[in-house]
Amino acid sequence: MKPGDQVKVSARGTFVFTVKDVDEDTGMAMIEVNADSPLTYPWPARLTDLVPVED
């Protein structure tokens, strides 16, 4: 996982997020939802919970 990757939070997730930053030491990533909303902001998620989005 690296900044710029598109992910979902779990395989059943419906929203797509962009990885903003990854901290391998803590196993956390900062992600931001890819929604058309004025209130988007980065929030932390465990790397183990993130699933890459297939093209």
Side-chain angles (χ1 to χ4, degrees):
M1 204 89 27
K2 64 185 182 312
D5 285 354
Q6 303 293 300
V7 297
K8 290 184 180 182
V9 180
S10 88
R12 296 185 307 165
T14 56
F15 292 102
V16 176
F17 298 83
T18 299
V19 175
K20 295 296 182 180
D21 190 37
V22 175
D23 186 338
E24 296 287 342
D25 293 334
T26 63
M28 300 292 288
M30 294 300 289
I31 60 175
E32 189 172 282
V33 69
N34 292 357
D36 209 13
S37 170
L39 300 174
T40 61
Y41 56 90
W43 58 280
R46 289 186 302 262
L47 291 171
T48 55
D49 291 340
L50 301 179
V51 178
V53 173
E54 300 294 325
D55 288 332

Set of salt bridge (Lys or Arg N to Asp or Glu O under 4.0 Å) partners for Asp23, sequence neighbours left out: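 Asp23: no salt bridge (Lys or Arg N to Asp or Glu O under 4.0 Å) contacts found.
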Cluster link Val9 to Val22, ILVMFWY, side chain under 4.5 Å: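 Yes, it is one cluster - the side chains of Val9 and Val22 are joined through contacts under 4.5 Å.
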ILVMFWY cluster, Val33 and Ile31 together (side-chain gap under 4.5 Å):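 Same hydrophobic cluster.
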Contacts of type side-chain hydrogen bond (donor to acceptor under 3.5 Å, both in side chains), residue Asp21, not counting sequence neighbours: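 With neighbours one apart ignored, the set is empty.
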Contacts table for residues 44-51: side-chain donor-acceptor under 3.5 angstrom, sequence neighbours left out:
residue, atom, partner, partner atom, Å
Arg46, NE, Asp49, OD2, 3.2
Arg46, NH2, Asp49, OD2, 2.8

Residue pairs, two or more places apart or on separate chains, that pass ring pair (Phe, Tyr, Trp, His ring centres under 6.0 Å) and touch residues 5-42: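 Checked against ring pair (Phe, Tyr, Trp, His ring centres under 6.0 Å) - neighbours excluded - the pairs reaching residues 5-42 are Phe17-Trp43.
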Side chain to side chain contact (heavy atoms under 4.5 Å, CB included) involving Gln6 - partner list, sequence neighbours excluded: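 Here the qualifying residues are Val16, Thr18, Asn34, Val53.
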Sequence neighbours excluded - side chain to side chain donor-acceptor pair (under 3.5 Å) pairs with any residue from residues 7-16: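 Not a single pair qualifies under side chain to side chain donor-acceptor pair (under 3.5 Å).
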